[in-house]
Amino acid sequence: MRFRFCGDLDCPDWVLAEISTLAKISSVKMKLLCAQVLKDLLGEGIDYDKVAKLTADAKFESGDIKASVAVLSFILSSAAKHDVDGESLSSELQQLGLPKEHVTGLCKSYEDKHSALQDKLRETSLRLGRLNSVSWRVDYTLSSSDLREVNEPLIQLKLQTQGAEPGSSETTVVSVSADKFRVLLAELKQAQAMMNALQ
Amino acid sequence: MSEQQNNHKQVFCFSSVVEEFGHIALESLRRGSSPKIYESAAKKLFVPMEMVQHGVEGLVFLLMESSKHMISEVNFLDCVLVLGFSEEVNRFLLKLYQEHQGQIRTIMKQLICSQPTYQNLEWRLDVQLASRLLRQQIVPTVVTRLFLTSGTDSSSRVLQTDPRTLLHIIYTLEAALAAVKTSHTRRILRNIK
């Protein structure tokens, strides 16, 4: 059986198994658990004490708690990844055997945070390096050891980049003559025009 | 067990101390030994530090070798009997071995990290539309970051491929997976189990 929220593939076996675990807690508690998992996916951190309290009634062991957090995490992030709308997610989860009240709660939370989740996933997508900041300075060379009157402007550019490895940053300092800088500026403006045309 | 290990066992004349040594031995297996612990134990027992160290090392060796070969209770007791300790010490050593055998085997499994293993793969699909020299291009590229871990160190490699090579990679890997299902492999797996 192919499911849209799994990217048109079969649903993984462990998800099927843990859906039955999820059915053991009440639908109200499940909605609160969803809220906690969504907070974690959006990078706000998860409060494990609250999760433990929510699952205490159903007498979940630590393995069950981890499993239910994992399966909710998978369902929500996978649905956001493949841009599944709330209704399709609802019908697919019911096909997998999750009770209707649980599904309604889950899909409501999902639809509320749908675009926030997609933005967060877009942010954390693979990026090889990022430009953090640019600073510049224009100097004017008056004279040098080779020539007494030089009288030329010179631009110093400092680029702060975040390197390919997460957490590493590099600083590049370049000095550019006026002509070269004009060429650089023209080319970058062309690239910018092309980027704007795409949007 | 070699003569050396036998000599190390001399310190186990004090059966009350064996428990303490057991704990120190397990901790050193888990986190590595520290001379401070040996020093404090040596002070408490009024014996030189080397004796404590040898005792702990001997105990660690005994536990590791027993766990490695997964020897049964009877065999373990036989081995320990040779050393000539009291019944109480023997029983305590057996209990220590049985309770922590699984843990010790897990720790030892982690020690043989030879090659980096797969941890995670992130990818992105980019399309180059233009460059400084040529406009109106369409060049799809898949950029991946492969996360590897060997024991506790983790590293990552950035790889880049075009879609055709990627399809070839997928095809080769699927053929590798299919090799698990051939009758030749199944025969061998049946014999191992």
Practice item. Under the salt bridge (charged side-chain N to carboxylate O under 4.0 Å, His left out) rule, collect the residues that match up with Arg137(A), sequence neighbours excluded. Key: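 Arg137(A): salt bridge (charged side-chain N to carboxylate O under 4.0 Å, His left out) contacts with Asp139(A).
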Are more than 12 heavy atoms from other residues, nucleotides or ligands located less than 6.0 Å from atom [atom1] of [X]?
| X | atom1 | answer |
| --- | --- | --- |
| Ile170(B) | CD1 | yes |
| Trp14(A) | CH2 | yes |
| Asp83(A) | CG | yes |

Practice item. Would you kindly confirm whether Leu125(B) and Ile169(B) end up in one hydrophobic cluster when ILVMFWY residues are joined by side chain heavy atoms under 4.5 Å apart? Key: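 No; tracing contacts between hydrophobic side chains, which count when under 4.5 Å, never links both residues.
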Practice item. Measure the shortest side-chain to side-chain distance between Gln190(A) and Arg132(B) over non-hydrogen atoms and say whether it is less than 4.5 angstrom. Key: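 Contact flag for Gln190(A)/Arg132(B) side chains = no.
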Point to revise | Toward chain A, the part of Ser131(B) with a non-hydrogen atom under 4.5 Å | key: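 It is neither, since no heavy atom gets under 4.5 Å.
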Review point. Quick one: CD on Gln136(B) to CE on Met194(A), what's the gap to the nearest 0.5 Å?
Key: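 CE of Met194(A) is found 7.5 Å from CD of Gln136(B).
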**Study point:** Smallest separation among heavy atoms of Glu187(A) and Arg135(B), with atom names
**Key:**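 What the structure gives for the nearest pair is OE1-NH2, 4.1 Å.
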Check your understanding: Looking only at heavy atoms, what is the nearest atom pair of Val143(B) and Leu126(A), with distance?
Key ->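 That closest heavy-atom pairing would be O-CD2, 3.5 Å.
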